[in-house]
Number of protein chains: 2
Amino acid sequence: MDETTSRPKRALVPDTKAALEDIRQTLSQLVGYHLRRASVYDMNGAVAALEAVDARPITMSVLVSIVEQPGRTSADICRILAIKRANIVGLLQALESRGLFTRRDDPADQRLQRLYPTPEGIEAARHWLSLVQAHEDRILARLSAGERAELRRLLALVWADERTEDG
Amino acid sequence: MDETTSRPKRALVPDTKAALEDIRQTLSQLVGYHLRRASVYDMNGAVAALEAVDARPITMSVLVSIVEQPGRTSADICRILAIKRANIVGLLQALESRGLFTRRDDPADQRLQRLYPTPEGIEAARHWLSLVQAHEDRILARLSAGERAELRRLLALVWADERTEDG
DNA sequence: ACAATATTGTTATGCAACATAGCAGTCAAT
DNA sequence: ATTGACTGCTATGTTGCATAACAATATTGT
């Protein structure tokens, strides 16, 4: 990777015609814009779908993390979901006050509170997920089952190295 | 139908085993989570890439909108990018103070200010886009050219009806 | 053994993105 | 001629997310 790409020096006088060509060419390939628009669009729908149960997407993700693997700590979940420890406190308090999970001190490490779902928590996770899935069925109606799977695979590939890099 | 058959009634007490099965099944199909993670990951990189030129992704999008089709109004751009009119004011002021576009009153409709890029604006759009594209080449390294095109197509399909619905 | 360092859960606080409400000026329509 | 709609703009509120710091506990290095 050269730091200074050796370009023919049309740098002094900008060739607006060639620049416009460059711009259209680049624009036609950009995926980040569509990624953003699709994500925002999807998130808005997910938020709306979860309003019925007084939860947000991040709330559901935290609960699902507990249900998926009981005994996780809040720090575990923060690492998994890439959120800050400071910001999970309120989410956990809300879930706990609704009786969806319980905290149990780790006997071997007194810093840790291990989190275990209640039966109500498991049922809530199932229900909330079903709401989100119904929303996705709506938003992905234009995609075949195969295309959905492919989209999922490609997206997972995009952020796959977020962990491996410096996570 | 037959109430007398000796089958366990799992309607009253939620069957946690079946619920967990449901949850795993749904989780394996969810695309929204990956959409969000990929988008955030990409945005972080895009923000970093544009810091070198003291711009943000939304700033670039506005400038590109002007360059792409000179004569657009700020309200036009707001509709295209799905941002509020109140929030484009500062972005335009920043771009204008850097001499990247100029405003010209519409002679036929005195409410409108039509926006036209300067040569410097066109060059900046090209340069900024190249920075973002370099970032995308990094973040999409695991995808083939065909996969990138497919991802782009599928994402465009996802938010395609944002316009057609109630936009 | 013990000092230095790291981790957990938590509070307090700042910030930046984004939405809402309202304005005066202009246009369109019946 | 009034009513409604649109533009560019100011002011303001909400909120998601980040930083900084803390006490308690655990781990590491020497």
Side-chain angles (χ1 to χ4, degrees), chain A residues 36-37 39-44 46-48 50-51 54-62 65-66 71-97 101-116 162 166-167, chain B residues 36-37 39-44 46-48 50-51 54-62 65-66 71-97 101-116 162 166-167:
Chain A
R36 181 88 215 284
R37 291 299 294 263
S39 174
V40 169
Y41 183 51
D42 172 71
M43 278 290 293
N44 286 342
V47 166
L50 288 171
E51 268 174 3
D54 194 36
R56 290 183 297 137
I58 186 61
T59 322
M60 189 195 72
S61 293
V62 169
S65 291
I66 298 173
R72 281 189 171 134
T73 68
S74 70
D76 288 337
I77 299 172
C78 286
R79 279 185 289 266
I80 291 170
L81 299 179
I83 63 180
K84 303 296 170 186
R85 269 172 300 140
N87 294 328
I88 204 179
V89 180
L91 302 174
L92 288 177
Q93 285 174 347
L95 291 172
E96 190 182 27
S97 72
F101 79 94
T102 58
R103 309 177 195 235
R104 214 180 310 159
D105 290 343
D106 186 305
D109 188 336
Q110 298 208 328
R111 294 172 301 180
L112 308 184
Q113 298 177 350
R114 304 208 166 269
L115 312 181
Y116 299 90
E162 190 182 30
D166 53 347
Chain B
R36 180 89 215 282
R37 290 300 293 264
S39 174
V40 169
Y41 183 51
D42 172 71
M43 279 292 291
N44 285 343
V47 166
L50 287 172
E51 269 174 2
D54 193 37
R56 289 183 297 137
I58 186 62
T59 323
M60 189 195 72
S61 293
V62 170
S65 291
I66 299 173
R72 279 187 171 137
T73 69
S74 69
D76 288 337
I77 299 171
C78 286
R79 277 185 290 267
I80 292 169
L81 299 179
I83 62 180
K84 304 295 170 186
R85 270 171 299 143
N87 294 328
I88 204 179
V89 180
L91 302 173
L92 287 178
Q93 285 173 347
L95 291 172
E96 189 181 28
S97 72
F101 79 93
T102 58
R103 311 178 194 233
R104 213 180 312 159
D105 290 343
D106 186 305
D109 189 336
Q110 298 207 331
R111 294 171 301 182
L112 308 185
Q113 297 178 351
R114 304 209 165 269
L115 312 181
Y116 299 90
E162 191 183 29
D166 53 346

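Below, chain A is the first sequence line, B the second, and so on; all start at residue 1.
Per the geometry, CG belonging to Leu91(A) stands 13 Å off P belonging to dT11(C), to the nearest Å. Going from atom CD1 of Ile88(B) over to atom P of dA19(C) covers 13 Å, rounded to whole Å. Here dA19(C) presents its P atom at 12 Å from CG of Leu81(B), a figure rounded to the nearest Å. Atoms CG (Leu92(A)) and C1' (dG9(C)) sit 10 Å apart, rounded to a whole Å. Whole-Å rounding puts the Asp105(A) CG to dT10(C) P distance at 10 Å. In this structure, CG of Asn44(A) is placed 11 Å from P of dC18(C), rounded to the nearest angstrom. Rounded to a whole Å, the CD1 atom of Ile77(A) is 13 Å from the C1' atom of dG9(C). The separation between Ile58(A) atom CD1 and dA18(D) atom P is 10 Å, rounded to whole Å.
For dT11(C), the OP1/OP2 oxygens have no side-chain nitrogen or oxygen of Arg85(A) closer than 4.0 Å. Here Arg56(A) does not reach the OP1 or OP2 of dT15(D): none of its side-chain N or O atoms lies under 4.0 Å away. Between Arg103(B) and dC9(D) there is a side-chain N or O to OP1 or OP2 distance below 4.0 Å. An OP1 or OP2 oxygen of dT8(C) is reached within less than 4.0 angstrom by no side-chain nitrogen or oxygen of Thr73(A).
No engagement by Arg72(A) is indicated, since no non-hydrogen atom pair under 4.0 Å with the nucleic acid exists. Across all strands shown, Asn87(B) has heavy atoms under 4.0 Å from base atoms, whether or not it also approaches the sugar-phosphate. No engagement by Arg114(B) is indicated, since no non-hydrogen atom pair under 4.0 Å with the nucleic acid exists.
Nearest to the side-chain atoms of Ala75(A) among the listed nucleotides dT11(C), dG9(C), dC17(D) stands dG9(C). When distances are taken from the side chain of Asp109(B) to each of dT8(C), dT19(D), dC27(C), the shortest belongs to dC27(C). Of the candidates dT26(C), dG9(C), dA6(C), the closest approach to any side-chain atom of Gln113(A) belongs to dG9(C). Of the candidates dA17(C), dA18(D), dA11(D), dA11(D) carries the atom nearest the Ala86(B) side chain, counting heavy atoms from C-beta on.
Applying the 6.0 Å contact sphere to CZ of Arg72(B) captures more than 12 heavy atoms from other residues, nucleotides or ligands.
Counting atom types as modelled, Arg111(A) pairs no side-chain N or O with a base atom of dG9(C) as donor and acceptor under 3.5 Å.
In terms of modelled atom types and a separation under 3.5 Å, the side chain of Arg104(B) and the main chain of Tyr116(B) share no donor-acceptor contact. One N or O on the side chain of Thr59(B) and one on the backbone of Arg56(B) form a donor-acceptor pair closer than 3.5 Å. The closest donor-acceptor contact from the side chain of Asp42(A) to the backbone of Ser39(A) lies at 3.5 Å or more, if one exists at all.
To the nearest 0.5 Å, atom OG1 of residue Thr73(A) and atom CD1 of residue Ile88(A) are 8.5 Å apart.
Along DNA chain C, the nucleotide closest to Pro107(B) and the one closest to Leu112(A) are compared, and the more 5′ of them pairs with Leu112(A). In terms of position on DNA chain C, the residue among Val89(A) and Arg36(A) whose nearest nucleotide sits closer to the 5' end is Val89(A). The residue among Ala108(A) and Ala82(A) whose nearest nucleotide of DNA chain D is located toward the 5' end is Ala82(A).
The shortest side-chain heavy-atom distance between Gln113(A) and Ser74(A) does not fall under the 4.5 Å cut-off.
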